[in-house]
Amino acid sequence: MEKLEQLYEGKAKKVFATENPDLVIVSYKDDATAFDGQKKGIISGKGAINNRMTNFLMQKLEKQGVPTHFVEELNDRETVVRKVSIVPLEVIVRNLSAGHFASRYGVEEGIVFEEPVVEFSYKNDDLHDPLLNDDHAVALKLATREEIAVIKQMALKVNELLKGILLECGVTLVDFKLEFGKTSDGKLVLADEISPDTCRFWDAKTGEKLDKDRFRRDLGNVEEAYIEMRRRLLGE
Ligand code: 5GP
């Protein structure tokens, strides 16, 4: 499939048109940002790892009945996906306290929740992705009530499936962020990526962080964490 003009460049990916109006090509970059883009860097080899890992997990989810935008991996950094309009909600699922949950509510990291916590943020860089609830999202016309219910149900199903896949690799799924998109025929599908950039992965035995928190918090061994996650999940 031929890559045509660039449609969009985000912090971690570029999107290109193809000759098919319903398909685009996503190209993963090594660029890393944190704290609303204030911290910038390069995580060498990250783009290829995130591409492979996202595609591996999206294919597993599809097989279990979760519709995704995945179509075909082209090479180590590029993938054909269905063109969607992104629902401007960051859908966060948490199994343990960490990150903003811990700082916002003044609790330590690592508290295991009895039930997963689903949380929405308004995907808007200028406003710093503010937290919002279902009523806010409906009032702002970001999604309908029915779409929010479907998104929440899909996010919880993704959590159950991912938790199982990761536990088999000795990894605790602490939390993650999903994005959903609508295809030209109005179908809601899982979009964006599932990677150490968008999830918190802790070694199940030692609690060692194997995700982008190593970059965000200057913990060192950043590339090594991504490589370790690729090894555990993909055996590569
Ligand atoms: P927190 O709200 O604690 O910062 O993040 C919760 C989870 O969602 C983490 O796994 C984090 O990686 C992911 N997440 C939240 N917001 C973003 C974002 O804007 N970009 C990325 N890549 N991940 C995010």
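Atoms within each ligand, like the ligands themselves, are counted from 1 in listed order.
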Q: Not counting sequence neighbours, list each pair that qualifies as a ring pair (Phe, Tyr, Trp, His ring centres under 6.0 Å) and has a residue in residues 103-134.
A: Phe101-Tyr105, Phe101-Phe113
Should you measure from each heavy atom of [X], which atoms of ligand 1 turn up under 4.0 Å away?
X: Gly99; result: 3 (O)
X: Cys199; result: 10 (O), 12 (O)
X: Thr198; result: 10 (O), 12 (O), 13 (C), 22 (N), 23 (N)
X: Arg200; result: 1 (P), 3 (O), 4 (O), 5 (O), 6 (C), 9 (C), 10 (O)

Q: Assess the side chains of Tyr28 and Asp76: does a donor N or O sit below 3.5 Å from an acceptor N or O?
A: no
Q) Among side-chain atoms of Glu223 and Ser44, is any donor-acceptor pair under 3.5 angstrom? A) no
(Q) Check contact between Arg216 and ligand 1, using heavy atoms of the residue and a distance below 4.0 angstrom. (A) yes
(Q) For Arg94, state whether at least one heavy atom is located under 4.0 Å from any atom of ligand 1. (A) yes
Q: Would you mind telling me which of Leu166, Leu234, Asn50, Asp211 makes a side-chain contact (heavy atoms from CB on, under 4.5 Å) with Met229?
A: Leu166
To the nearest 0.1 Å, how far is [atom] from its closest protein heavy atom, and which atom is that?
atom: atom 15 (C) of ligand 1; answer: Ile92 CD1, 3.8 Å
atom: atom 16 (N) of ligand 1; answer: Glu90 OE1, 3.4 Å
atom: atom 14 (N) of ligand 1; answer: Lys177 CB, 3.5 Å
atom: atom 1 (P) of ligand 1; answer: His100 ND1, 3.4 Å

Q | Contacts of Lys3 that satisfy side chain to side chain donor-acceptor pair (under 3.5 Å) - sequence neighbours left out | A | Glu78
Q: Tell me which part of Glu109 gets within contact of ligand 1: side chain, backbone, both or neither, using heavy atoms under 4.0 Å.
A: neither
Q. Just by modelled atom types, is the Thr33 backbone N or O under 3.5 Å from a matching donor or acceptor in the Lys212 side chain?
A. yes
**Q.** Sidechain-backbone polar pair: Thr198 side chain, Ser195 backbone, donor-acceptor under 3.5 Å
**A.** yes
Q: Show the numbers, then the answer: is there a side chain to side chain contact (heavy atoms under 4.5 Å, CB included) between Asp31 and Ile42?
A: CA-CA 5 Å; Asp31 302 37; Ile42 300 276; 4.1 Å; yes
(Q) With nothing but distance in play, are any N or O atoms of Arg104 less than 3.5 Å from an N or O of ligand 1? (A) no
Q: Return yes or no for this condition: an N or O of Glu119 is under 3.5 Å from an N or O of ligand 1.
A: no
Q: Have a look at Asp213, Asn50, Asp197, Asp175 and point out the one with the heavy atom closest to atom 21 (C) of ligand 1.
A: Asp197
Q. After noting the C-alpha distance and the side-chain angles of Thr172 and Leu96, does the key distance pass the side chain to side chain contact (heavy atoms under 4.5 Å, CB included) rule?
A. CA-CA 9 Å; Thr172 302; Leu96 280 78; 3.9 Å; yes
